[in-house]
Amino acid sequence: MPTLNWIGKDKVISHHQDVPYRVLEHKYGFTADKGEQTESTGSGNKIIHGDNLEALKSLLPEYEGKIKCIYIDPPYNTGNEGWVYNDNVNHPKIKKWLGEVVGKDGEDLSRHDKWLCMMYPRLKLLHKLLADDGVIFISIDDNEQANLKLMCDEIFGVRNFIGSICHKSRGSVSNDLLISQNHHHLLCFAKNFKIAFKNKKTFIFPQEYKGFKNPDNDPKGPYKLVPVDGPGGAAKGNPFYEFQGVEGYWRYSKETMKEYYDKGEIVVKPNSLSRKYYLSKAKSKGGKTPTTWWDDVGTATNGTRLLKSKFDNKKIFDTPKPIEFLERICHLGMTENSIILDSFAGSGTTAHAVMNLNKEDGGNRKFIMVEMEDYANDITAERVKRVAKGYGASTSSATKKKVEGTGGEFDYYQLGLPLFDENKNLNEEVGLPKIREYIWFSETRTSFTEPDAEKYLLGKKEDSVYYFIYDKDRLTTLDYDSLELIKTKGEQYIIYADNCLLPKEFMARKNIIFKKIPRDITRF
């Protein structure tokens, strides 16, 4: 398989492992009914302000292998420095990071080298967060499309490539190049193609659900009308008969037609008959999505117009993605109870799409948004608030109606302290709950649930019992006396403490593994 090499790759290929774990510091919760509140909503919806590399690492203890759908719209590396979102990876934070990680080689990097160095460790962490049956969608243009495809082939595996979708991003013809750039690419990869697409006869992505309505309040739900006439007439063996005053060649026998009619599924109109095709059936069958999304998912102009309507008709963000585009991605990659992650959240269109769909079908989709720029609260989170509460008016001068809110809630976080200091010792200022959560995750790679009993117990997994014997203000010792604290039975015991006085032979006989707590003990 062809591989992609660039200056600095050797410095970043394993850098995701060295990224520090930082705690997520809760700043406020928000509900559509009550507005901002100090306590957490517990909704599972998160907006995180901070560097997305560190934010993604911080999400691992709770979300590794659990994200069903990921969408990212990273910098396209156009060289344009005039945008709110700096698009040529010369952001001061990125430049500082390159200097620290890549070193002197960073001085010789082209903008393509810089972009690849920036993206590689982020994609590695996104791969860890993605569920085995999950999919990732990445928007990009021609500046880095070829490099991105090769990089994703390496990280996700070439056999997990689903396809590349061409999206019409601009309706007007531009003069920027000899060939007007009117499209973007949307690369799609699975975490594990065989798991994500077990049934190869039916593509896992559902077909489009627009146009399904329920004007007569049919208890079976929304539907479309499809013709029941028999194409080809007698030559194709279609029966000819009169039904409800309409004569013709029909797709079904008269007995079957009556059966459908008695169920309320046949709609009679002058000189025509139609049958109801229900949304529920369409969803159960699934369908294939085309590789071109051209005139029905909006352009950047549509995205800008919608965002302006939420912010008093002021333009606050350049080229936001259209809501229809993100709604389609959510339809394709999510179930009604799964999580989508967007680590280049921008103006928050992904969260907006999730809220729209939940309102539409009563789903319980969750979103996690990460934005490094200072507008994370004033634009990203503020948009979500206004969508939930119903702020903003229609841009139509004829109506100027307030758009109805979707409802919903989320919690806003900032990246907090690192779990370890510069000497690789525990940073005890982060607090015991976060320390215990990290220790459990590092041992089991699963999310942590605080046990109800036993002070030092972390939990039990696959017959291994984990204890973290820790007190902030004194040294702890694993000895015969401390074994009386061990109440949960298991085949193996992994016990953290500052010191151990138990004989090695005894520990081997009792299947006890001692691990030293990484902290500075000279201060005691």
Under a 4.5 Å cut-off applied to non-hydrogen side-chain atoms, are [X] and [Y] in contact?
X      : Y      : result
Leu123 : Cys152 : yes
Tyr438 : Ser58  : no
Ile329 : Met334 : no
Glu144 : His112 : yes
Pro322 : His167 : yes
Asn192 : Lys194 : yes
Asp378 : Phe311 : no
Leu24  : Leu59  : yes

Does the side chain of [X] come under 3.5 Å of the side chain of [Y] through a donor N or O and an acceptor N or O?
X      : Y      : answer
Ser139 : Tyr71  : yes
Lys149 : Ser164 : no
Thr349 : Arg383 : yes
Thr41  : Asp411 : yes

Test your reading of the model: is there a side-chain donor-acceptor pair from [X] to the backbone of [Y], 3.5 Å cut-off?
X      : Y      : result
Lys124 : Ile13  : no
Asn52  : Val370 : no
Lys366 : Gly44  : no
Asn214 : Asp218 : yes
His26  : Tyr412 : no
Asn358 : Met355 : no
Asn77  : Arg111 : yes

For the atom pair [atom1] ([X]) and [atom2] ([Y]), what is the distance rounded to the nearest 0.5 Å?
X      : Y      : atom1 : atom2 : value
Leu326 : Thr350 : CG    : OG1   : 4.0 Å
Leu148 : Leu187 : CG    : CG    : 5.0 Å
Leu126 : Ile136 : CG    : CD1   : 5.0 Å
Ile165 : His184 : CD1   : NE2   : 14.5 Å
Phe212 : Ser280 : CZ    : OG    : 9.0 Å
Asp374 : Met372 : CG    : CE    : 9.0 Å

Check your understanding: Between Arg159 and Phe193, is NZ or CZ placed under 6.0 angstrom from the six-membered ring centre and within 45° of the ring axis?
Key -> no
Practice item. Kindly indicate whether a cation-pi arrangement holds for Arg122 with Tyr120, taking the cut-offs as under 6.0 Å to the six-membered ring centre and within 45° of the axis. Key: no
Between the side chains of [Y] and [X], is the shortest nitrogen-to-carboxylate-oxygen separation below 4.0 Å, so that they form an ion pair?
X     : Y      : value
Glu36 : Lys385 : yes
Arg22 : Asp51  : no
Lys68 : Asp133 : yes

Review point. Picking from Trp250, Tyr261, Tyr260, what satisfies ring-ring contact (aromatic ring centres under 6.0 Å, His included) with Phe243?
Key: Tyr261
Crowding at [atom1], [X] (>12 non-hydrogen neighbours, <6.0 Å):
X      : atom1 : answer
Tyr278 : OH    : yes
Lys258 : NZ    : no
Lys66  : NZ    : yes
Asp262 : CG    : yes
Glu39  : CD    : yes

Check your understanding: Going through the checks in order, is the side-chain contact (heavy atoms from CB on, under 4.5 Å) test met by His127 and His16?
Key -> CA-CA 11 Å; His127 180 266; His16 64 284; over 6 Å; no
Review point. Run the side-chain contact (heavy atoms from CB on, under 4.5 Å) check on Tyr252 and Arg275 step by step: do they pass?
Key: CA-CA 11 Å; Tyr252 311 113; Arg275 185 185 174 193; 3.2 Å; yes
Closest approach of [X] to [Y] (non-hydrogen atoms, all atoms of both residues):
X      : Y      : value
Ser343 : Ile72  : OG-CG2, 3.3 Å
His49  : Glu373 : NE2-O, 3.1 Å
Gly298 : Glu324 : CA-OE1, 4.2 Å
Leu4   : Lys9   : O-NZ, 2.7 Å
Pro75  : Phe344 : CD-CE2, 3.6 Å
Tyr375 : Gly346 : CE1-O, 3.7 Å

Exercise for review: Would you please classify the geometry between the Phe448 ring and the Trp440 ring as parallel, tilted or perpendicular, with 30° and 60° separating the classes?
Suggested key: tilted
Study note, to complete from the structure: Of Asn45, Ile340, Ile67, Asp342, the one forming a side chain to side chain contact (heavy atoms under 4.5 Å, CB included) with Ile368 is Ile67
Revision key, fill the gap. The single option from Lys389, Lys359, Arg386 that satisfies salt bridge (charged side-chain N to carboxylate O under 4.0 Å, His left out) with Glu404 is Lys359
Exercise for review: Run the ring-centre check on Phe189 versus Phe161 and record whether the distance is less than 6.0 Å.
Suggested key: yes
Point to revise | side-chain contact (heavy atoms from CB on, under 4.5 Å) evaluation trace for Leu186 with Trp293 | key: CA-CA 10 Å; Leu186 183 67; Trp293 295 358; 3.8 Å; yes
Exercise for review: In sequence, state the C-alpha distance, the side-chain angles, and the governing distance for Phe30 and Ile47, and then conclude on side-chain contact (heavy atoms from CB on, under 4.5 Å).
Suggested key: CA-CA 11 Å; Phe30 173 87; Ile47 298 178; over 6 Å; no
